[in-house]
Every structure is written in C-alpha cells, then in structure tokens.
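Below: one structure, written as structure tokens.
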Amino acid sequence: MKVKLLAHTPEPEKVCALAMRGCRLRNAPVEEDLTKPVEYYIKLAKRLGHTSVLEHANATFNIEGISRVTSHQLVRHRIASYSQQSQRVVKPTNTQDWYVTPPSIAKVDAYRYHSGMQKIKEYYEKFLQLGIPIEDARYFLPNATKTNITMTMNARSLLNFFNLRLSEHAQWETRIMARLMLEEVKKVAPTIFEGI
Ligand SMILES: Cc1cc2nc3c(=O)[nH]c(=O)nc-3n(C[C@H](O)[C@H](O)[C@H](O)COP(=O)(O)OP(=O)(O)OC[C@H]3O[C@@H](n4cnc5c(N)ncnc54)[C@H](O)[C@@H]3O)c2cc1C
C-alpha cells in the first residue's frame, strides 16, 4: 500500500495553539498573543483534555492499494471525509496486482489463494462480457480487492483513530496503514502526535 499526505492545514500546530490561546483572551488571538512556544499550548490542550482545539488542524491522505476489508474499517471512523474509487466505474481486475494477500495465507497455502483469485477474475470478466453491468458484476469480487481512498481527518479524530487502530487488537493491514499515516503527520505536527 501507499500512503501519501496530500495536504494539511498550513502551520497546523500554530493554528491550534492560537485557538487554545484565544479561549483566554478578550480579543481574537493573533501571533503576538503566543507568549509561550507553540508546543506549550499543544501540550496543555492535550493534558487538560481540551482537545477540541486540535480540530482546527486537518490532514488529507491519498491511500492507495488497501483491501476493501481495510477501507471498510477506515470508513467506520465517522469524524472524517472520504472519497473512494468507485467499483461501479473502475474495473479493479485491470491490473495484475489487484488483490491483497494476507501473510498468514501466503505462508500456508499461497497457491490455493492465488488460483481462487484467478478464477474470480475470470468469472468477473466473463460476467462483464455477458453484458452484466459493472455495478452488479462487482458483487462477485472478494474483500481482498484493492481500492484507493482519499481521506481528510482532523488531528483530534486522528488521535482517536491511532489509539484504536495502532493497537495490537486492530487488524494487521489497518495497523500498517495507520503506522504510515502517523509517520506522515508526525513530520508536520510532531507535538500533537508525540507519544504515539
Ligand atoms: C479492534 C477493533 C475491533 C472492532 N470490531 C468491530 C466489530 O466487530 N463490529 C463493528 O461494528 N465495529 C467494530 N469496530 C469498529 C468500532 O466499533 C468503531 O466503529 C470504529 O473504531 C470507529 O471508532 P469511533 O466511533 O471512535 O470513531 P468516529 O466515528 O470517528 O467517532 C469519533 C468519536 O466521536 C464520538 N462519536 C461519534 N459518533 C457518535 C455517536 N453516534 N454517539 C456518541 N458518540 C459518538 C465518540 O466519542 C467516538 O469515539 C472495531 C474497532 C476496533 C478498533
């Protein structure tokens, strides 16, 4: 899979720090009101649980080549915005590498798995040749089918997402995706995501 940080709020930590500072000012906050380093306000917000100020920092990711298992787990996170590749329009079997293989299966019986996928691809493409609409032929596709999704999530929601999806209880593929997302956002907002 590939995870790319497509865009983010400019100076995300400064924006959140200003929002935090403004809660205690008579006037709307400006940069000169930050009498302490930006990191101070972010740490304070986290410590107090005043985490709504972290909603002012947004990150948009392009996530490519995850299974429909993982994209389904991702979109359960409601405090976010999503745009996903349409299986009513795009034929996923067009590429050779169109499905995800779990390492546990690859280790035990890769042959059976890949032959099954080959059969599914043949049947799916046959349905299309027979004139079945692409939106119906897709009912035959497996959970392993790869997809791409663009997601925008604010930092508060990301903290919740990382907390749940980096845990050992989360699915391995979702954990890999979450880890790659965390690496990206840490580059632009290290204090917000410190300690994860
Ligand atoms: C290990 C693991 C196993 C899971 N297994 C299953 C499963 O078997 N079946 C299943 O259906 N789901 C399962 N889930 C999904 C899980 O129940 C959540 O739907 C998903 O993780 C999204 O989390 P969230 O609601 O915190 O996120 P978001 O939807 O982004 O919500 C963020 C926060 O907003 C608040 N919030 C949002 N909506 C509401 C609301 N309607 N009412 C009150 N507060 C709200 C909550 O505080 C919530 O934590 C699993 C998740 C994990 C991590």
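We count ligands from 1, going down the list as the structure has it; atoms in each ligand are counted the same way.
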Is Leu18 linked to Leu25 within one hydrophobic cluster, defined over Ile, Leu, Val, Met, Phe, Trp and Tyr using a side-chain heavy-atom separation of less than 4.5 Å?
-> no
Can you sort out which atoms of ligand 1 are near Leu164, meaning under 4.0 Å from one of its heavy atoms?
-> 21 (O), 23 (O), 26 (O), 53 (C)
OG of Ser86 to CZ of Arg138, rounded to nearest 0.5 Å, is 6.0 Å
Heavy-atom protein neighbour under 4.0 angstrom from atom 42 (N) of ligand 1 | no
Say you draw a straight line from OG1 of Thr147 to CD of Gln84; how long is it, rounded to the nearest 0.5 Å?
-> 4.0 Å
Nearest-contact summary for atom 31 (O) of ligand 1 - protein heavy atom, Å = Ile79 CG1, 3.7 Å
In Å and rounded to the nearest 0.5 Å, what is the OG to CG distance from Ser115 to Asp109?
-> 8.0 Å
Check Arg165 against ligand 1 and report side chain, backbone, both or neither, counting heavy atoms closer than 4.0 Å.
-> side chain
Within 4.0 Å of atom 35 (C) of ligand 1 (strictly less), any protein heavy atom?
-> no
Among all protein heavy atoms, pick out the one at the shortest distance from atom 33 (C) of ligand 1; state its residue, atom name and that distance to 0.1 Å.
-> Asn160 ND2, 4.2 Å
Please state whether the rings of His114 and Tyr99 are parallel, tilted or perpendicular, taking 30° and 60° as the class boundaries.
-> tilted
May I ask you to check whether Gln171 and Thr70 show a side-chain donor-acceptor distance below 3.5 Å?
-> no
Any protein heavy atom sitting closer than 4.0 Å to atom 39 (C) of ligand 1?
-> yes
Got a protein heavy atom sitting under 4.0 Å from atom 18 (C) of ligand 1?
-> no
For atom 46 (C) of ligand 1, decide whether some protein heavy-atom distance is shorter than 4.0 Å.
-> no
From the options Lys146, Lys121, Glu122, Glu125, select the one residue that forms a side chain to side chain donor-acceptor pair (under 3.5 Å) with Thr93.
-> Glu125
What residue and atom, counting heavy atoms only, is the protein's closest point to atom 12 (N) of ligand 1, and at what distance?
-> Arg76 NH1, 3.1 Å
Would you mind checking which non-hydrogen protein atom is closest to atom 1 (C) of ligand 1, with the distance to 0.1 Å?
-> His169 O, 3.4 Å
Could you pull out the closest heavy-atom pair between Thr191 and Glu39, with the gap in Å?
-> OG1-CG, 3.3 Å
Can you check whether a protein heavy atom sits less than 4.0 angstrom from atom 4 (C) of ligand 1?
-> no
Looking only at distance, does Arg78 have an N or O less than 3.5 Å from an N or O of ligand 1?
-> yes
Is there at least one protein heavy-atom neighbour under 4.0 Å from atom 26 (O) of ligand 1?
-> yes
With the threshold set at 4.0 Å, does a side-chain nitrogen-carboxylate oxygen contact exist between Lys14 and Glu31?
-> yes
